[in-house]
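Below is one structure, written out as structure tokens; comments come after it.
In what follows, chains carry the letters A, B, and so on, assigned in the order in which the sequence lines appear, proteins first and then strands, with residues in each chain numbered from 1. Heavy atoms only: backbone and side chains are in, while hydrogens, waters and symmetry mates are out.
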Amino acid sequence: MTARRDPAGALGPAFCRRPAEDVARGLLGAWLVSTIGGETAIGRIVECEAYLGPHDPASHAAERIGRTARNAAMFGPAGRAYVYRIYGLHWCLNVVTGTVDVPAAVLIRAIAPVEGMAVMRTRRSARPELPDSALGRGPGHAACALGITGALDGHALQRPPLLLARGQPVPDTDVDRGPRVGVTRAKDWPLRFWVRAHPAVSRR
DNA sequence: GAAACGATTATCT
DNA sequence: GATAATCGTTTCA
């Protein structure tokens, strides 16, 4: 149990400094360990999407947009969090990749609860009949279940209250990829990765 | 300063 | 399947 939270198992800047596409694939199976609010909640990443550099028109840091107050974290060092609010009501968590001044990130689209289901249910205001697998299904849900808000924008993911751990790697035979969800530009780029047939993956 | 839209989700039919 | 909720960010005047 203690080993799960061992910082030695953390995925650091070296892991995240690679191209977003590679990091996204590598993040499948990794753990997000949240101790936000003093409550421990752990989620295993089962779905995520890569947003490449300025040449990716779907990115919040696409060349036509440039650096803004919102996307500033994407221009920072790899291994930090980029958290933004979507549709005025939900928070979404990204892991920053690439190098300083080159904006790229991986959107965490779904997590499977590993520990802390009780606090996840409270945060989600989940009905009792909702299965555990639905607690972190979808980017807004995943962030909500882990207690993530805009306060963590720019947070280094190698230390509490939110860190990335190596978790349980997923073999290539269990990984599917396809177009990203909800984007209108570059809609056919196959940059969404997920664990095949996993119940916590969104839009199955 | 005003308007449109969005890397979504809940709820209703 | 369709639509409302809800507001920060971007874009355009």
Side-chain angles (χ1 to χ4, degrees), chain A residues 16 19-25 27-28 30 32 43 45-76 78 80-98 102-113 120-155 157 176-195 199-204:
Chain A
C16 301
E21 197 169 343
D22 298 340
V23 176
R25 165 62 185 89
L27 282 178
L28 288 180
L32 277 167
I45 298 170
V46 295
E47 179 186 359
C48 57
E49 290 177 351
Y51 287 84
L52 312 181
H55 59 289
D56 180 353
S59 170
H60 285 173
E63 184 147 40
R64 71 179 189 285
I65 299 172
R67 184 175 188 147
T68 67
R70 175 174 69 158
N71 65 26
M74 289 180 77
F75 289 79
R80 301 236 176 137
Y82 164 46
V83 182
Y84 67 94
R85 204 201 268 283
I86 184 79
Y87 293 100
L89 45 145
H90 307 291
W91 294 106
C92 292
L93 170 69
N94 293 252
V95 176
V96 175
T97 72
V102 178
V106 174
L107 170 70
I108 306 305
R109 280 199 59 88
I111 55 112
M120 292 186 189
R121 284 184 176 278
T122 299
R123 288 173 175 147
R124 287 286 321 279
S125 303
R127 295 184 171 197
E129 62 268 27
L130 195 75
D132 284 349
S133 60
L135 293 174
R137 190 165 59 202
H141 289 161
C144 178
L146 293 172
I148 294 164
T149 70
L152 275 88
D153 189 37
H155 169 75
L157 292 169
D176 275 349
R177 70 183 289 182
R180 293 173 290 187
V181 174
V183 304
T184 56
R185 303 170 198 261
K187 59 187 299 187
D188 295 329
W189 295 12
L191 295 177
R192 174 180 176 230
F193 298 81
W194 67 93
V195 178
V201 171
S202 69
R203 311 252 178 138
R204 277 182 299 149

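A salt bridge is absent between A:E49 and A:R180; no separation between the charged side-chain nitrogens and carboxylate oxygens falls under 4.0 Å. Comment: A:D132 engages A:R121 in a salt bridge, judged by a side-chain N to carboxylate O separation of less than 4.0 angstrom.
Look at A:Y51 and the base of B:dA7; the rings stack, centres closer than 5.5 Å and planes less than 30° apart.
Across all strands shown, B:dA7 forms no Watson-Crick or G-U wobble pair with both distances under 3.5 Å. Across the strands present, C:dT6 finds no partner; the criterion is a Watson-Crick or G-U wobble pair with both atom distances under 3.5 angstrom.
When ring centroids are compared, A:Y51 and A:H60 stay outside the 6.0 Å threshold.
When rounded to the nearest whole Å, the span between CG of A:N71 and P of C:dT11 equals 11 Å. Here the C1' atom of nucleotide B:dT8 and the CD atom of A:E47 are 13 Å apart, to the nearest Å. For the pair A:R185 CZ and B:dG6 P, the computed distance is 8 Å after rounding to whole Å. Between A:H141 atom NE2 and B:dT11 atom C1' there is a gap of 12 Å when expressed in whole angstrom units. The nearest whole Å value for the distance from the CZ atom in A:R137 to the P atom in B:dA10 is 10 Å. Rounded to whole Å, the distance from CG on A:L89 to P on B:dC5 is 18 Å. In this structure, CH2 of A:W189 is placed 15 Å from P of B:dA7, rounded to the nearest angstrom. We find that CD1 of A:I86 is positioned 12 Å from P of C:dT10, with the value rounded to whole Å.
Neither OP1 nor OP2 of C:dT6 sits under 4.0 Å from any side-chain N or O of A:H90. Phosphate contact (OP1/OP2 of C:dT10, side-chain N/O of A:T68, threshold under 4.0 Å): present. Close to B:dT8, at under 4.0 Å from its OP1 or OP2, lies a side-chain N or O of A:R109. OP1 or OP2 of B:dA7 lies within a sub-4.0 Å distance of a side-chain N or O belonging to A:H60.
Closest to the side chain of A:V181, out of B:dT8, B:dT9, B:dG6, is B:dT8. Across B:dT9, B:dA7, C:dT6, the shortest atom-to-atom separation from the side chain of A:Y84 is found for B:dA7. Counting only heavy atoms from C-beta on, A:M74 has its side chain closest to B:dA7 among B:dT9, C:dA5, B:dA7. Taking only side-chain atoms of A:R85, from C-beta outward, the nucleotide of C:dT11, C:dG8, B:dT8 with the closest atom is C:dG8.
Of the possible polar contacts, none joining the A:R85 side chain to the A:G150 backbone as a donor-acceptor pair under 3.5 Å is found.
Checked by atom type, the side-chain pair A:R80/A:H155 shows no donor-acceptor distance below 3.5 Å.
Remark: A:L28 CG to A:E47 CD distance equals 9.0 Å, nearest 0.5 Å.
Evaluation of atom-type donor-acceptor distances gives no pair under 3.5 Å for the side chain of A:Y87 against the base of C:dA5.
When heavy atoms are screened at a 4.0 angstrom cut-off, A:R70 is found touching the sugar-phosphate backbone but no base atom. Here A:R124 lies in heavy-atom contact (under 4.0 Å) with sugar-phosphate atoms only.
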